[in-house]
Each structure stands twice: as structure tokens, then as C-alpha cells.
Amino acid sequence: MKDRSVEDILAAVRQIPPGFVRTYGDLCPGAPRFTGTALRGIGDRVPWWRVVHADGTLAVGEEQRRRLEAEGVPFLNADPPRLDMRTARLPDGLP
DNA sequence: GTGATGACGGAAA
DNA sequence: CTTTCCGCCATCA
């Protein structure tokens, strides 16, 4: 599902089940930057905190880290707090 | 219609 | 392992 518009991206973000995350590149292959632009200024209309960088680092701030941690997302105790992508990342095709 | 912008990604050093 | 650089494409002014 190659999302090309903001609405499609927001829809995809809503499909992310609690405890898992998707990367910007997964939501918009070829234009990962646009994913961030789409999420910029949405509010809590969608679970934006479940969208992280491909390497597992967060994009917004510790605000996001707290929410993910609350959902039971596996975090690695590293200097820059980052997620364990091989477990937290949700494969494409799945809701 | 054109130009600039960006919650990124991947490669290179 | 870390840091730096370029490019991508949809939106906005």
C-alpha cells in the first residue's frame, strides 16, 4: 500500500497496533520526509508516537519515548534511547 | 506554473 | 562504533 497522500498515511498510522511501531520509510517509501510532514500538526488524532526512525531512534522527543514504553514496546538501554526494531517493528501487510 | 521545505533514509568516511 | 552528506517526493506559498 504505497501511501502517497496525507490521509492515507494517517490511516496507516491508525492501523499500527499498540506495542508495535512503523518507520517513516515504511509508511512512505521513496519520500520518508513527507511522512513527518504529514504527522506535523495532527495532534492526538492518530497514534503518531508509534512512528519512529528506521534505526529505532525517536523523532519527536522523550514525550514519545514515554508513550511507547507505556505500551510495552521493547526499548534498548542505550545512550540515545532506541527501540529494538526486530521486535517492535511491524511487518508490512499486517494491520 | 515554479521554488523552497521537511517528525527521513541510506551510503560514505 | 559515530558523524557527515546527498537525494527523495508530496505540500505549501
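These numbers come from a predicted model, not from an experiment. Order of the sequence lines sets the chain letters (A, B, ...), proteins ahead of strands, with each chain counted from 1.
Shown here for A:Thr23 and A:Met85, the closest heavy-atom pair between the two residues is CG2-CE, 3.6 Å. Between A:Ile42 and A:Trp48, the shortest heavy-atom contact is CD1-CB, 4.0 Å.
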5' to 3', nucleotides 8-13 of chain B under a 4.0 Å protein heavy-atom cut-off (B base, S sugar-phosphate only, - none) gives BSS---
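For A:Phe34, there are no ring pair (Phe, Tyr, Trp, His ring centres under 6.0 Å) partners, not counting sequence neighbours.
The shortest side-chain heavy-atom distance between A:Arg33 and A:Cys28 does not fall under the 4.5 Å cut-off. When side chains are defined from C-beta on, A:Val52 counts as touching A:Leu68, because their heavy atoms get closer than 4.5 Å. Put simply, the side chain of A:Leu39 reaches to within 4.5 Å of the side chain of A:Leu10, judged on heavy atoms. A heavy-atom distance below 4.5 Å is not found between the side chains of A:Gln15 and A:Leu90.
Backbone-only engagement by A:Val6 is indicated by non-hydrogen atom pairs under 4.0 Å involving sugar-phosphate atoms exclusively. Counting non-hydrogen atoms under 4.0 angstrom, A:Ser5 reaches the backbone sugars and phosphates but no base.
Put simply, chain A comes within 4.0 Å of DNA chain C, heavy atom to any atom, from C:dG7 to C:dT11, going 5' to 3'.
Residues from residues 66-75 of chain A with heavy atoms under 4.0 angstrom of DNA chain B: there are none.
Pairs of residues two or more places apart, or lying in two chains, that qualify as side-chain hydrogen bond (donor to acceptor under 3.5 Å, both in side chains) and include a residue from residues 78-87 of chain A are A:Asp84-A:Arg86, A:Asp84-A:Thr87.
Within a 6.0 Å radius of CZ in A:Arg45, no more than 12 heavy atoms belonging to other residues, nucleotides or ligands are found.
For the pair A:Glu71 (side chain) and A:Pro17 (backbone), a donor-acceptor distance under 3.5 Å is absent.
Atom CD of A:Gln64 and atom CG of A:Leu58 lie 4.5 Å apart (nearest 0.5 Å).
Under a 4.0 Å N-O distance rule, the pair A:Glu63/A:Arg67 qualifies as a salt bridge.
Criterion: ILVMFWY side-chain heavy atoms under 4.5 Å apart, direct or through other members. Under it, A:Val21 and A:Leu76 are not part of a common hydrophobic cluster.
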Protein-nucleotides 2-5 of chain B N/O pairs under 3.5 Å:
none

